[in-house]
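Worksheet for the structure shown next.
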Amino acid sequence: MLDEVERWLAARSWSAADRPLDQLLDRKRAAGTTVSVVLPALDEEATVGEIVGVIRRDLIDGLPVPLVDELVVVDSGSTDRTAQVAAAAGARVVHRDAILPRIPALPGKGEVLWRSLLATTGDVVCFVDADLRDFSASFVSGIVGPLLTDPQVQFVKAMYDRPLADAPGQGGRVTELVARPLLNLHWPQLAGFVQPLGGEYAVRRSLLERLPFPVGYGVELGLLVDALHTVGLDALAQVDVGVRLHRHQDGRALGRMAAAIYRTAQVRLSRAHLVRPELTQFERGPDGFVPRTYAVDTEERPPMAEVKEYAGRRVA
């Protein structure tokens, strides 16, 4: 590990308990900083309501001054009751296609996160995946905390244990098999991040609006790498929030995720075109193995600051 990274780990890795909620509220009130929490959601009716409810109870309604000013669920086309459950729990629900309708929406998590910048106004934007179980408000307060207390910090990732079934530390398979080797080999300054692909992170809007967004699974790696190049390692941080429990993907889905992440890394390494942006996987059928070919995400959205609707909103 680079000496620079060892120093960074000592200076920019914290626990959620390091910043009590009272301290965060005092700093937020003094600075006038506003906080938006965004949950990208697709068919998450089983979990989204509890997450929204905990945030409302512990970080909005139950405080003399709310820590969270906006709580938005961006529905990317759910076929279940995700939108109704989220709204009933107290979130503002916006459909992905209703944001920036001039540009037809593409499928993918990164697309939803990119569009969410137009659906929110907070100085700090905090992303939280909508499939978490046993959710704690510290997932939000922990990663928002450094942005409220340290003006030098601009991007904060959550770190946590990720059990797989009953096996501690065995979740995050794409992280260990794809993302961590890529980062250590090509961006060794980022080798200290425990969960580089985690979906829980908080970022100053002033940075987010300057970054391109891969539309699919590569969004977390892309934002992290681009943030490093834009603001430098000392502006990045991570906070331990405990244990993350969520729905695990099957092996084929993980393969597609890995391909998208590799593609995102490749573009940032060379800015070249993929020769063949497709991934073939195999499923056993009645007559043997059947190939299934999937397109690898190749689209990226430009920095939001370059979108005329966003620029017009800021002028207004």
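What you see is a predicted model, and the numbers here were worked out from it, not measured in a lab. Values below: every heavy atom of this structure, side chains too, minus hydrogens, waters and symmetry copies.
Of the possible polar contacts, one joining the Arg204 side chain to the Leu147 backbone as a donor-acceptor pair under 3.5 Å is found. Formation of a donor-acceptor pair under 3.5 Å by the Lys28 side chain with backbone atoms of Pro66 is found in this model.
Applying the salt bridge (Lys or Arg N to Asp or Glu O under 4.0 Å) test to every pair with at least one member in residues 100-109, sequence neighbours left out, gives these pairs: Arg102-Glu309, Lys109-Asp129, Lys109-Glu220. Residue pairs satisfying the salt bridge (Lys or Arg N to Asp or Glu O under 4.0 Å) criterion with at least one member in residues 12-23, sequence neighbours excluded, are listed as follows: Arg12-Asp150. Pairs of residues two or more places apart, or lying in two chains, never qualify as ring-ring contact (aromatic ring centres under 6.0 Å, His included) while including a residue from residues 40-68.
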**Message:** Could you go through Gln195 and Tyr160, starting from their C-alpha distance and side-chain angles, then the distance that decides it, and tell me whether this counts as side chain to side chain contact (heavy atoms under 4.5 Å, CB included)?
**Reply:** CA-CA 7 Å; Gln195 297 292 351; Tyr160 33 67; 3.5 Å; yes
**Message:** Leu63 vs Leu21, test: side chain to side chain contact (heavy atoms under 4.5 Å, CB included). Steps then yes/no.
**Reply:** CA-CA 10 Å; Leu63 299 175; Leu21 191 55; 3.7 Å; yes
**Item:** Residue pair Val94, Asp75: steps toward the side chain to side chain contact (heavy atoms under 4.5 Å, CB included) verdict
**Value:** CA-CA 6 Å; Val94 184; Asp75 185 0; over 6 Å; no
**Worked verdict on Leu224 versus Phe155 for side chain to side chain contact (heavy atoms under 4.5 Å, CB included)** = CA-CA 8 Å; Leu224 188 60; Phe155 189 119; 4.0 Å; yes
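By the side chain to side chain donor-acceptor pair (under 3.5 Å) test, Arg115 pairs with Glu111, sequence neighbours left out. Looking at residues two or more places apart in sequence or on another chain, you find a side-chain contact (heavy atoms from CB on, under 4.5 Å) between Ser36 and Glu70, Thr120. With sequence neighbours left out, the ring-ring contact (aromatic ring centres under 6.0 Å, His included) criterion links Tyr217 to no other residue. Annotation: ring-ring contact (aromatic ring centres under 6.0 Å, His included) contacts of Trp14 (sequence neighbours excluded): none. With sequence neighbours left out, the side chain to side chain donor-acceptor pair (under 3.5 Å) criterion links Glu45 to no other residue. A search for side chain to side chain donor-acceptor pair (under 3.5 Å) contacts involving Ser76 returns nothing, not counting sequence neighbours. In this view, Glu50 and Val54 satisfy the side-chain contact (heavy atoms from CB on, under 4.5 Å) rule, not counting sequence neighbours. Partners of Thr34 under the side-chain contact (heavy atoms from CB on, under 4.5 Å) rule, at least two apart in sequence or in another chain, are Asp69, Asp123.
Under the side-chain contact (heavy atoms from CB on, under 4.5 Å) rule, Leu182 has a single partner from Leu185, Asn184, Val178, which is Val178.
For Ser141 against Leu24, the heavy-atom pair with the smallest separation is O-CD1, 3.5 Å.
When ring centroids are compared, Trp8 and Phe193 come within the 6.0 Å threshold.
Distance check, rounded to the nearest 0.5 Å: CG of Leu207 to CG of Leu236 gives 8.0 Å. One distance of note links CG of Leu197 with OH of Tyr201; it measures 10.0 Å at 0.5 Å rounding.
Residues Arg210 and Glu306 are not paired through a salt bridge, judged by the lack of any N-O separation under 4.0 Å between the basic side chain and the carboxylate.
Through side-chain heavy atoms spaced under 4.5 Å, either directly or across other Ile, Leu, Val, Met, Phe, Trp or Tyr residues, Met159 is tied to Val194.
Contact of the Pro181 side chain with the Leu183 side chain is not registered, since no non-hydrogen atoms from C-beta on lie closer than 4.5 Å.
Looking at Glu209 and Tyr310, their side chains do bring a donor and an acceptor atom within 3.5 Å of each other. No side-chain donor-acceptor contact under 3.5 Å links Thr82 and Glu44.
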